[in-house]
Amino acid sequence: MESCTLHKTERLNSRLLIERLFAGGSKSLPAFPLRIVYMPVENDSLPTVSLLISVPKKRFKRAVKRNRVKRQVREAYRLHKSLLTRKLEATGQKVVLAFIWLDNELHPSAVVEDKVKKLLQLTAERL
């Protein structure tokens, strides 16, 4: 059984990688209310998957709502990240991911979890 944890080292905090991810050379997939942007990387110091979650202030003015959405996405990713990591570890690839919230409304955790799971499966198929 694989561990369902999300360590601090798995979070994307490199400004250079974030700029490269959004500047170009990356691919994205939508599953409303989320969009995933991903880019394969060649860096030995990174974990298999580095994660970034973005909830724009344009969507939710109150930080409480933005934090709730980030918490929902983080939890869903933590539970289903093995869908992606198994395939990446088998092929020896590393990837940088960003989840971006697209909707102006809050959604139940079950809906968010389904969308995250769907996006992880699609990403694993495309890599």
Side-chain angles (χ1 to χ4, degrees):
M1 182 173 171
E2 294 183 33
S3 68
C4 293
T5 58
L6 183 62
H7 296 286
K8 184 174 179 165
T9 56
E10 295 179 64
R11 301 210 181 157
L12 180 60
N13 55 13
S14 166
R15 185 169 289 229
L16 289 173
L17 277 176
I18 294 170
E19 287 175 1
R20 277 184 39 209
L21 179 64
F22 291 109
S26 61
K27 298 173 181 138
S28 71
L29 298 165
F32 194 79
L34 283 168
R35 182 174 68 150
I36 191 170
V37 180
Y38 64 95
M39 177 181 71
V41 290
E42 302 291 330
N43 190 340
D44 294 336
S45 64
L46 287 175
T48 307
V49 179
S50 294
L51 177 70
L52 171 78
I53 299 171
S54 174
V55 182
K57 200 176 207 178
K58 179 181 177 182
R59 303 289 178 205
F60 298 111
K61 299 296 183 214
R62 303 257 176 193
V64 173
K65 291 184 178 182
R66 289 195 304 273
N67 290 341
R68 176 182 175 217
V69 170
K70 286 190 269 188
R71 202 167 38 247
Q72 286 176 320
V73 175
R74 224 178 8 248
E75 179 67 7
Y77 171 76
R78 184 185 70 81
L79 293 173
H80 300 290
K81 72 178 184 177
S82 62
L83 295 171
L84 183 62
T85 55
R86 273 194 223 121
K87 183 174 191 295
L88 291 174
E89 288 170 355
T91 60
Q93 290 180 305
K94 294 187 178 193
V95 71
V96 176
L97 292 180
F99 283 100
I100 302 168
W101 190 260
L102 302 174
D103 197 10
N104 294 332
E105 302 292 324
L106 294 172
H107 291 272
S109 295
V111 172
V112 175
E113 189 173 334
D114 287 341
K115 299 300 180 170
V116 168
K117 186 176 177 182
K118 178 181 174 187
L119 286 170
L120 289 175
Q121 287 172 339
L122 288 172
T123 305
E125 290 171 8
R126 299 242 173 135
L127 287 173

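Only heavy atoms go into these numbers, but all of them, side chains included; no hydrogens, no water, no symmetry mates. Predicted model only: the values in this text are computed from it and were never measured.
Between Arg11 and the options Leu6, Leu52, Leu51, a side-chain contact (heavy atoms from CB on, under 4.5 Å) holds for only Leu6.
Taking the six-membered ring where tryptophan is involved, the planes of Phe32 and His107 are perpendicular, since the angle between them exceeds 60° and thus also 30°.
Leu21 and Leu34 fall into different hydrophobic clusters, where Ile, Leu, Val, Met, Phe, Trp and Tyr side chains are chained together by heavy-atom contacts under 4.5 Å. Both Ile36 and Val95 sit in one connected hydrophobic cluster of ILVMFWY residues. Membership requires side-chain heavy atoms under 4.5 Å apart, directly or through other members. Hydrophobic clustering places Val41 together with Phe22 (ILVMFWY residues linked when any side-chain heavy atoms are closer than 4.5 Å, directly or through intermediates). Under the 4.5 Å side-chain contact rule for hydrophobic residues, Val111 and Leu119 do not share a cluster. Val116 is not connected to Ile100 by any chain of hydrophobic side-chain contacts under 4.5 Å among Ile, Leu, Val, Met, Phe, Trp and Tyr, and they are in different clusters.
For the atom pair CZ (Phe99) and CG (Leu120), the distance works out to 4.5 Å, reported to the nearest 0.5 Å. Note that CG of Leu12 and CD1 of Ile53 are 11.0 Å apart. Values are rounded to the nearest 0.5 Å. The CD atom of Glu125 sits 10.5 Å away from atom CG of Leu127, with the distance rounded to the nearest 0.5 Å. One distance of note links OG of Ser109 with CG of Asp114; it measures 11.0 Å at 0.5 Å rounding. Distance CG/Asp103 to NZ/Lys115: 11.0 Å, rounded to 0.5 Å. Here the straight-line distance linking atom CD of Glu89 with atom CG of Leu84 works out to 9.5 Å at 0.5 Å rounding.
Side-chain N or O atoms of Lys57 include none that pairs as donor or acceptor with a backbone N or O of Arg66 at under 3.5 Å. Of the possible polar contacts, none joining the Lys118 side chain to the Ala31 backbone as a donor-acceptor pair under 3.5 Å is found.
Nearest heavy-atom pair, Met39 versus Leu17, reported as atom, atom and distance to 0.1 Å: CE-O, 4.3 Å. The two residues Arg126 and Tyr38 have their closest heavy-atom pair at CB-OH, 3.4 Å. Looking at every heavy atom in both residues, Leu102 comes nearest to Arg35 through CD1-CB, 3.9 Å.
A 4.5 Å side-chain heavy-atom check between Lys70 and Asn67 finds at least one atom pair inside the cut-off. Taking the side chain as every heavy atom from C-beta outward, Val112 and Val69 never approach each other to under 4.5 Å. Using a 4.5 Å cut-off on side-chain heavy atoms (C-beta onward), Val49 and Lys81 make no contact.
Within 6.0 Å of CZ on Arg20 lie no more than 12 heavy atoms contributed by other residues, nucleotides or ligands. By the 6.0 Å contact criterion, NZ on Lys117 is open, its count of non-hydrogen atoms from other residues, nucleotides or ligands being 12 or less.
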Task: Worked verdict on Asn43 versus Lys94 for side-chain contact (heavy atoms from CB on, under 4.5 Å) - done: CA-CA 8 Å; Asn43 190 340; Lys94 294 187 178 193; 5.7 Å; no
